[in-house]
Amino acid sequence: MNQDHESLENLLSENRHFLPSSEFVMQANAQHGEYAYANMDRLAFWDNQACDLKWERKWDTVLEWNSPYAKWFVGGKLNASVNALDRHVDEGRGDRVAFHFEGEPGDTKTITYSQLLTEVKKTANALIELGISAGDRVAIYMPMIPEAAIAMLACARIGAPHSVVFGGFSADALLSRIQDADAKLVITSDGGFRKGSAFALKPAVDEALKGQHNVEKVLVVARTHQETAWTDRDIWWHEIVDRQSPDHVAESFDAEHPLFILYTSGTTAKPKGIFHTTGGYLTQVAYTHKVVFDIKPETDVYWCTADVGWITGHSYVVYGPLMNGATQVMYEGTPDTPHKGRIFEIIAKYGVTILYTAPTLIRTWMKWGDEFPQAHNLESLRLLGSVGEPINPEAWMWYREIIGGNRCPIVDTWWQTETGAIMISPLPGITVTKPGSAMRPIPGISAKVVDDSATPVADGHGGYLILDQPWPSMLRGIWGEDARYKETYWSRFEGIYFAGDGAKLDDEGAIWLLGRVDDVMNISGHRISTTEVESALVSHEAVAEAAVVGATDAMTGQGIVAFVILRAGIAHADGEELNTQLRNHVAKEIGAIAKPRQILIVNELPKTRSGKIMRRLLKDVAEDRVVGDATTLADPNVMKKIAEGLNSAKDED
Ligand code: PRX
């Protein structure tokens, strides 16, 4: 590493500040003093948060830390499903709506807490009848329907760790996850509805189970009622669950009992089975859901648009909101079916007050145009959240103005599958936010930006984002791969957790996420983050979305190549002129060093199924190489479309 240079340059500066309104401040769940309270004694703080859960046996010790192995709330016993459901029903909240389910074809279902509890108990009894007991792993491969949450909670209820595999993954991906976790049961559905038609899921399970495995039974929800091939191993959900007793007394499990395994896709290597346990995970998930989203369970309608196949769906659709007794919207389908205003229509229909979504969707809405949100009444919204990628300042501003009517605080939440819960985020009634910054660690969490030698950088500088203290919802390991756990997360800096993100501190000490350090570009010895150049591009009025990569350059080591999607209504025609404008705009916003060598206007960008841009593939295009492994792409055709677009642009030249 070159010690003369910054680990990561700090180029973009942002002076806009947004204060929450005094009405919001007054009613906020987290009040001033929350940080000081946590700083006084971190462990006492988490001890206190854990007391909000229902425990059968209280813990003896808050934390046992033998780096890199943590045990939280040692000796405590509890049940995750009791915390999410029984508690509310026992305390008289059974009639509250847990889910307003909206199917893509327009079918709806309202499920109260007591109905959800009954379904979970019956499903738990069905799992027991199928021979599942505490410790057995269950793979769940489902569309976004209530039974997905019911299946997860039923597994949790009997202590069987679930491994949810995103319903968009292939049979191969499913098989490798079934094998790795050695699952005994698969829960799936005949199919689901997406983009206006029924897709099949069960055939992928059948295909996967042609491989080596120890799966004994496949439990199948009838969602689409399409023709479905059948074997002796298969059982219809309604045939076994409906006839079960609605009584089930839940056993409590150790605080460190495994709750779930969730595989991170891993674009190159074998997926990592990130595994989480019970007490610490639930504590941090419930706390963050309460203070970051300011949830008022009696009045709010909360909607997190994530699929249960991702960690966001685990922590902020299933466990967090249910533990806090929230009323939620769950939507099965895609945002543009049957029209591009579907999400806004649903917000208006249910009076959604809190919306939690991803920058990829926000930028897609920007691309489609303002008329779609503007056609619906979004005045019920009072808080907006973002997760999954850095949110460009202009996308943040658009979210604030067009979706939030300049009224709603925005919480940009940084965390990972591995962290289990939110780690860095504004607290909406306290923090003065800046567009594009996740601001600072939440109370009880220690995150720092350090240089190559693990020394914290001063304000105004960039480096590696690390976590130097254990936290309750941290991963407890990679399933069955201990050496890989140490190597992946704990070896870059001795005894410190580092999982690959670059960040900077601005002049006021606010944290700005700068993307993965593997994506950092080296231009004439300056280490420049993709995020800052992309944000500079998105701040131009013609641009909805941008992805940049560093391509080998004889002069400068690497040169910046930008792929840009234009906003609705901007013509591609004056390509040359627009290119010059955009290059100059970047130079003006962040400096000549970051001026893209080349700008390519495209209609699509390659993204993973969770919406993250795959810059590696764009780099192949920029360097004129054969495009590498694209199996994790959401749309397998997108690289072809980009290449075709570029070739036809070349032909026109
Ligand atoms: O690079 C960071 C990015 O997403 C990564 C974690 O991805 P995953 O495990 O799929 O979890 C996503 C949902 C929590 C991080 O290492 N990331 C996530 N949130 C943000 C973010 N980057 C910038 N800002 C965020 N708010």
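Remember, predicted model here, so these are calculated numbers, not experimental data. In listed order, ligands and their atoms are each counted from 1.
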#### Entry: Candidate list Arg609, Met144, Glu332, test side-chain contact (heavy atoms from CB on, under 4.5 Å), partner Asp307, passing option
Met144
### Message
Which residues pass the side-chain hydrogen bond (donor to acceptor under 3.5 Å, both in side chains) test with Asn29, not counting sequence neighbours?
### Response
Lys296
Contact table ligand 1 N or O to protein N or O, d under 3.5 Å:
residue	atom	partner	partner atom	Å
ligand 1	1 (O)	Asp501	OD1	2.8
ligand 1	1 (O)	Asp501	OD2	3.1
ligand 1	4 (O)	Gly388	O	3.2
ligand 1	4 (O)	Lys612	NZ	3.1
ligand 1	7 (O)	Lys612	NZ	3.2
ligand 1	9 (O)	Thr417	N	2.8
ligand 1	9 (O)	Thr417	OG1	2.6
ligand 1	16 (O)	Gln416	NE2	2.8
ligand 1	16 (O)	Asp501	OD1	3.2
ligand 1	16 (O)	Asp501	OD2	2.8
ligand 1	16 (O)	Arg516	NH1	3.0
ligand 1	17 (N)	Gly388	O	3.3
ligand 1	19 (N)	Gly388	N	3.1
ligand 1	22 (N)	Pro390	N	3.4
ligand 1	24 (N)	Glu389	O	3.3
ligand 1	26 (N)	Asp412	OD1	2.7
ligand 1	26 (N)	Thr413	O	2.7

### Query
With no hydrogens and no angle check, is any side-chain donor or acceptor of Thr278 less than 3.5 Å from a backbone partner on His257?
yes
### Query
Is there a donor-acceptor pair under 3.5 Å between the side chain of Thr277 and the backbone N or O of Pro258?
no
## Note on the structure
Those residues at least two apart in sequence (or on a different chain) that pass side chain to side chain contact (heavy atoms under 4.5 Å, CB included) with Glu487 are Ser491
### Task
Quick one: which residue pairs count as a ring-ring contact (aromatic ring centres under 6.0 Å, His included) with a foot in residues 410-448, not counting sequence neighbours?
Tyr316-Trp415
